[in-house]
Number of protein chains: 2
Amino acid sequence: MASKSKMDGSIGAKNKQKILAAAEKAFATYGFKGTSVQQIADEAELPKTNILYYFKSKQGLYVAMLQDIMSLWNSRFDQVTEDDDPAESLADYIADKMTMSRTHPQASKIFAMEVLNGAPYLNKFFSNEHVAWMEGRVAILNSWIAQGRMTAVDPLYLLFHIWACTQHYADFSAQITSLRGKTMKRADFDEATRQLVQLILSGCGLTVPEKYAESAK
Amino acid sequence: MASKSKMDGSIGAKNKQKILAAAEKAFATYGFKGTSVQQIADEAELPKTNILYYFKSKQGLYVAMLQDIMSLWNSRFDQVTEDDDPAESLADYIADKMTMSRTHPQASKIFAMEVLNGAPYLNKFFSNEHVAWMEGRVAILNSWIAQGRMTAVDPLYLLFHIWACTQHYADFSAQITSLRGKTMKRADFDEATRQLVQLILSGCGLTVPEKYAESAK
DNA sequence: CAATTTCCTGACCACTTAGTCATTTTTTTG
DNA sequence: CAAAAAAATGACTAAGTGGTCAGGAAATTG
């Protein structure tokens with residue numbers, strides 16, 4: 001039964017994970033073209049040939065790592081229904097995405113680079129799962145609007161703007177750090193989240209939930 | 001008098017422009033590492049050695065092109081004073097930045113890639129002119145807030161969010177096109193601008209100026 | 001324990017790349 | 001128009017790249 005070609009608990013699975021982590025770090029820092037297989041090997045503390053043994057090619061490794069990353073893109077917002085509270089649902093979504101930018105900035109950067117380059121390896125994903133997800137969310141937002149529970153904004157653009165702002169804190173951290181003169185710590189992310197929740201929710205005619213209200217500053 | 005080492009009107013100046021334009025296109029599409037000098041040469045319809053003749057190295061060309069691009073980052077918002085109208089000033093700024101994303105997406109993408117990579121060639125610019133610009137704008141926004149002319153948002157984060165949203169339309173155009181099923185035309189940018197102006201201004205407790213109000217849809 | 005599969009690796013190769021250099025052509029200038 | 005400066009370019013090089021391959025070590029299995 002368990003004698004299939006690939007053992008999940010085997011030594012290979014562990015190495016694959018190590019390689020994927022090393023690849024994520026390297027690709028996020030230097031981009032696809034800017035990263036050599038040797039660099040990934042050094043980062044993973046494995047010989048270069050070993051990388052090519054587990055992943056047939058640099059491109060194969062990149063695609064595997066991309067899939068890995070895309071699985072992080074889930075949040076509570078996926079399960080929201082039209083009966084949920086718009087203010088709380090949107091605020092939580094924004095907070096979730098901000099947390100992602102804080103805890104997984106590398107993944108965000110890789111995604112950004114991929115899309116910047118025309119998303120060659122994500123086009124299939126975009127036109128399948130992603131479009132379906134989008135249509136579902138848009139329907140719910142439109143329902144909230146129809147129920148008169150929020151301002152009549154275009155849901156599509158609203159989601160674009162939420163993504164733009166939240167991902168910005170990961171993707172443009174170099175600029176943000178320079179302008180602030182210091183890196184964004186946990187507390188700064190919390191403040192940024194409050195600011196963004198206030199901006200977006202007010203912009204949608206919603207009241208900011210208690211838990212995202214002004215901090216006890 | 002005009003016999004300085006470099007003639008501005010000479011044949012060389014024209015070629016430099018041609019090379020810079022070709023470089024912008026190539027770097028925006030393939031990134032720094034992903035672009036070969038040969039590709040730029042082909043795009044500029046000049047022999048490769050000619051590129052290296054005008055710009056000492058690939059990196060030199062890249063830096064020159066970056067400087068070129070950064071000069072585009074000016075707008076009416078640079079001259080705004082605390083006596084100007086917050087709603088109109090901010091709306092115009094958002095509109096200016098959206099126009100940039102529509103008319104110079106390549107420049108935006110190159111800037112994004114540079115910052116994603118840690119902004120190695122922009123750190124000096126960031127910590128000089130850019131910080132000064134920022135401080136000036138923040139002071140004006142704070143003045144507007146002190147005058148009770150807009151909600152007390154943190155000006156720093158507000159500007160981050162304006163940049164994030166406006167640049168998003170250039171940098172993530174691949175994703176946006178996939179999700180919409182069609183590319184963003186002029187009219188779509190205008191609609192996105194109205195949506196964004198409404199979102200941000202409402203979020204700041206401001207009234208949307210007539211010219212950015214609901215289209216005659 | 002033998003056999004089979006998985007895992008590991010050094011040596012190597014074909015190819016691309018940025019950049020140099022010597023030389024020639026074109027343009028400018030006194 | 002001659003001299004000098006600027007512009008152009010083909011041939012070449014040195015370094016780095018992704019990827020192959022053959023052979024061996026280790027683990028798994030009947």
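The chains referred to below are lettered A, B, ... by the order of the sequence lines, with proteins before strands, and numbering in each begins at 1.
- If you take OH of Y53(B) and P of dA22(C), they are 17 Å apart, rounded to a whole angstrom.
- Note on D92(B) versus K211(B): salt bridge recorded, some NZ/NE/NH1/NH2 to OD/OE distance being below 4.0 Å.
- Not less than 6.0 angstrom separates the ring centroid of F172(B) from the ring centroid of W163(A).
- Ionic pairing of D188(B) and R180(B) is present here: one or more N-O contacts between side-chain nitrogen and carboxylate oxygen are shorter than 4.0 angstrom.
- The distance from atom CG of L46(A) to atom C1' of dG10(C) is 15 Å, rounded to the nearest whole Å.
- For dG10(C), the OP1/OP2 oxygens have no side-chain nitrogen or oxygen of N50(A) closer than 4.0 Å.
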List every contact pair, protein side and nucleotides 14-18 of chain D side both N or O, where the distance is under 3.5 Å.
unit_1  : atom_1 : unit_2 : atom_2 : d
dG18(D) : OP1    : T35(A) : O      : 3.4
dG18(D) : OP1    : V37(A) : N      : 3.4
dG18(D) : OP1    : K58(A) : NZ     : 3.1
dG18(D) : OP2    : V37(A) : N      : 3.1
dG18(D) : N7     : K48(A) : NZ     : 3.2

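- Rounded to an integer number of Å, the gap from CD of E45(B) to P of dA8(D) is 14 Å.
- A salt bridge links D190(B) to R186(B): one of the charged nitrogens lies within less than 4.0 Å of a carboxylate oxygen.
- Distances shorter than 4.0 Å separate none of the side-chain N or O atoms of N15(B) from OP1 or OP2 on dA6(D).
- Going from atom SG of C165(A) over to atom NZ of K97(A) covers 11.5 Å, rounded to the nearest 0.5 Å.
- One can place CD1 of I19(B) at 11 Å from C1' of dA8(D), the figure rounded to the nearest angstrom.
- Summarising the geometry, the separation between CZ on F55(A) and P on dT20(D) is reported as 16 Å, rounded to the nearest angstrom.
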*asked:* Each nucleotide in nucleotides 21-27 of chain D should get exactly one letter: B, S or -. Can you fill that in based on protein heavy atoms under 4.0 Å?
replied: B------

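- In the set dC8(C), dA8(D), dT9(C), dC8(C) carries the atom at the smallest distance from any side-chain atom of Y54(A).
- Annotation: ring pair (Phe, Tyr, Trp, His ring centres under 6.0 Å) contacts of F27(B) (sequence neighbours excluded): F32(B), Y62(B).
- Across the protein-nucleic acid pair, I51(B) atom CD1 and dG10(D) atom P stand 13 Å apart, rounded to whole Å.
- Separation of atoms CG (L66(A)) and CD (E114(A)) is listed at 5.0 Å; rounding is to 0.5 Å.
- In summary, the side chains of E43(B) and Q39(B) do not present any donor paired with an acceptor at a separation below 3.5 Å, with no hydrogens or angles considered.
- In this structure the side chain of Y30(B) never reaches within 4.5 angstrom of the side chain of K25(B), judged on heavy atoms.
- For Q59(B) and dA18(C), the CD to P distance is 12 Å, given to the nearest whole Å.
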